[in-house]
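Step one of this worksheet: look at the structure below.
All figures in this text were calculated on a predicted structure; none of them were measured in a lab. This chain uses plain numbering: 1 for the first residue, then up along the sequence.
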Amino acid sequence: MIEKQVKLIPYTVQSIVEHTNETPVGVKLVQAPEIWEKSKYGDGVVVAVIDTGLDTGHPDLKDRIIGGRNFTTDYRGNEAQYEDNNGHGTHVAGTIAASLNQQGVAGVAPKAQLLGLKALTGTGSGNYQWIINAINYAVEWRGEQNEKVRVICMSLGGPEDVSELHQAIQNAVAQNISVVVAAGNEGDGQEETYEYAYPGAYNEVISVGAVSMDLQLAPFTNTHDEIDLVAPGVEVMSTYPDNKYAKLSGTSMAAPHIAGAIALLINLCEKEFNRSLSEAEIYAQLIRRTLPLGFRKSSEGNGFLKLNLLDQITERMNMEEGTSSVS
């Protein structure tokens, strides 16, 4: 079972461009810029991207990458070579943490650090053992300044419930690492039918479904009873190999919005509480900032991420109090 194939969550390339200079719509929709300053832009938080590798020379990523490793047979199994020969991993990484450098795109957490763990080949496939090895590596990894991984992002999946994969994820969560995964793209557009892909269907992961930029449920997004929340996953602009940029669609594109958001919340909330927070506490802070969109819980979970939601509620309450006192 452990040798069976796991693959990228299917995705669609909408367009590829040579140049852009923008904060992508999805990053704005989850209100990341509103909390950048008080969350230190995610500075110091390490996010492990378990995917097809990273374009280490991309101008928007090169300053964000803290390290990496190859777990596949690509590059003759050279562990030190984790370049992206597919495109998917680079796109995911850009949504998480593309630098604010007055060119290209900005990620949700533009000062977070990326650990590129190549566990899928250039064809977008791999075996479960590679994924398990990458997860375990992320848990044990330490940087030169004793940095630790706080978030794992995986936009991959398969139909098999592999106990060793589940155990590796449970261990990561027990070590206070948030494990963010794409829910899957086997959706049939019907909210009442369930589609399961693993690891997205495990209770311990943060399973992310996709909505469009106008907050409509993406027809391809999986629906099931373990969806935690939704994020932008249709025509998402991000980094792409060879110093390019691309718009891609899929729950693969929704998950990194949440991974980047958690990097921001770790800084924001640990400063507020003046202590380290557990994975469960960070999850609670994430869910506090979701807004129901009116779909079934099996489609949207707790709702759509709005990072500045609590401040907006406070402002609204203060305005109402001011109005009532005047009247």
Side-chain angles (χ1 to χ4, degrees), residues 8 11 13-30 32-33 36-37 39-70 74-75 78 80-118 120 122 124 143-145 147 149 151 153 155 232-233 235-250 252-261 263-264 267:
L8 287 176
Y11 65 99
V13 179
Q14 311 289 155
S15 61
I16 300 173
V17 297
E18 297 281 344
H19 305 286
T20 187
N21 186 6
E22 64 183 277
T23 299
V25 177
V27 174
K28 292 178 182 175
L29 280 175
V30 300
W36 272 346
E37 195 168 328
S39 64
K40 298 190 295 184
Y41 300 85
D43 188 26
V45 180
V46 180
V47 181
V49 182
I50 299 179
D51 211 292
T52 60
L54 303 178
D55 179 357
T56 60
H58 197 291
D60 288 9
L61 298 180
K62 60 184 182 181
D63 295 333
R64 307 268 56 83
I65 298 170
I66 194 171
R69 185 168 171 141
N70 174 26
D74 282 358
Y75 308 117
N78 180 356
Q81 175 61 284
Y82 55 95
E83 285 291 330
D84 184 7
N85 52 357
N86 175 281
H88 188 275
T90 295
H91 195 273
V92 164
T95 296
I96 296 170
S99 296
L100 277 176
N101 55 6
Q102 278 67 59
Q103 64 174 350
V105 295
V108 173
K111 289 188 179 179
Q113 292 171 300
L114 298 165
L115 182 66
L117 303 182
K118 181 174 173 57
L120 296 172
E144 291 182 1
Q145 307 297 321
E147 300 97 333
V149 170
V151 188
C153 187
S155 290
E235 295 193 358
V236 173
M237 177 67 85
S238 186
T239 47
Y240 211 59
D242 300 322
N243 300 340
K244 294 179 182 178
Y245 303 88
K247 281 187 177 180
L248 272 55
S249 296
S252 283
M253 286 60 253
H257 284 90
I258 303 305
L264 297 180
N267 279 353

| task | Take T23 and V105 through the test side chain to side chain contact (heavy atoms under 4.5 Å, CB included) and record every step on the way to the result. | result | CA-CA 6 Å; T23 299; V105 295; over 6 Å; no
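- S249 places a side-chain N or O within 3.5 Å of a backbone atom of E235 that can act as its donor or acceptor partner.
- A salt bridge links K118 with D74: at least one charged nitrogen is closer than 4.0 Å to a carboxylate oxygen.
- Nearest heavy atoms, G57 versus K62: O-CD, 4.2 Å.
- The backbone N or O of Y41 lies less than 3.5 Å from no partner atom in the side chain of N267, so there is not a single donor-acceptor pair.
- Scanning both residues, A246 and L248, for their nearest heavy atoms gives CB-CD1, 3.5 Å.
- One side chain, T52 or D84, offers a donor N or O that lies under 3.5 Å from an acceptor on the other.
- Between the side chain of Y75 and the backbone N or O of E83, at least one donor-acceptor pair lies under 3.5 Å.
- Screening V49, V92, D63 for a side chain to side chain contact (heavy atoms under 4.5 Å, CB included) with L114, the sole residue that qualifies is V49.
- One side chain, D51 or H88, offers a donor N or O that lies under 3.5 Å from an acceptor on the other.
- Side-chain contact between C153 and I50 is absent, with no heavy-atom pair separated by less than 4.5 Å.
- The minimum heavy-atom distance linking P256 with S155 is given by the pair CD-OG, 4.2 Å.
- Atoms OG and NZ, on S39 and K111 in that order, are 10.0 Å from each other to the nearest 0.5 Å.
- In this structure, P232 and V30 have side chains that are in contact, with non-hydrogen atoms separated by less than 4.5 Å.
- Going from atom CG of L115 over to atom CD of E147 covers 10.5 Å, rounded to the nearest 0.5 Å.
- Residues V27 and P33 form a side-chain contact, since some pair of their non-hydrogen atoms from C-beta on lies under 4.5 Å apart.
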| request: Using the side chain to side chain contact (heavy atoms under 4.5 Å, CB included) rule, take D55 and Y240 through it: C-alpha gap first, then chi angles, then the decisive distance, then the call. | output: CA-CA 8 Å; D55 179 357; Y240 211 59; over 6 Å; no
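- Of all non-hydrogen atoms in A263 and V47, the two that sit nearest each other are CB-CG2, 4.3 Å.
- Interatomic distance, M237 CE to I16 CD1, rounded to the nearest 0.5 Å: 10.5 Å.
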| Trace of the side chain to side chain contact (heavy atoms under 4.5 Å, CB included) decision for L8 with N86 | CA-CA 10 Å; L8 287 176; N86 175 281; 3.8 Å; yes
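- From Q113, atom CD reaches atom CD of Q145 across 9.5 Å, with rounding to the nearest 0.5 Å.
- Looking at Y245 and D60, their side chains do bring a donor and an acceptor atom within 3.5 Å of each other.
- Smallest separation of non-hydrogen atoms from G67 and Y82: C-OH, 3.5 Å.
- Rounding to the nearest 0.5 angstrom, the gap separating the NE2 atom in H91 from the CG atom in L54 is 13.5 Å.
- Using a 4.5 Å heavy-atom cutoff, the side chains of P241 and H58 are not in contact.
- Using modelled atom types, one side-chain atom of T239 and one backbone atom of T90 make a donor-acceptor pair closer than 3.5 Å.
- Under the 3.5 Å distance criterion, the side-chain polar atoms of W36 are left unmatched by any main-chain donor or acceptor of L264.
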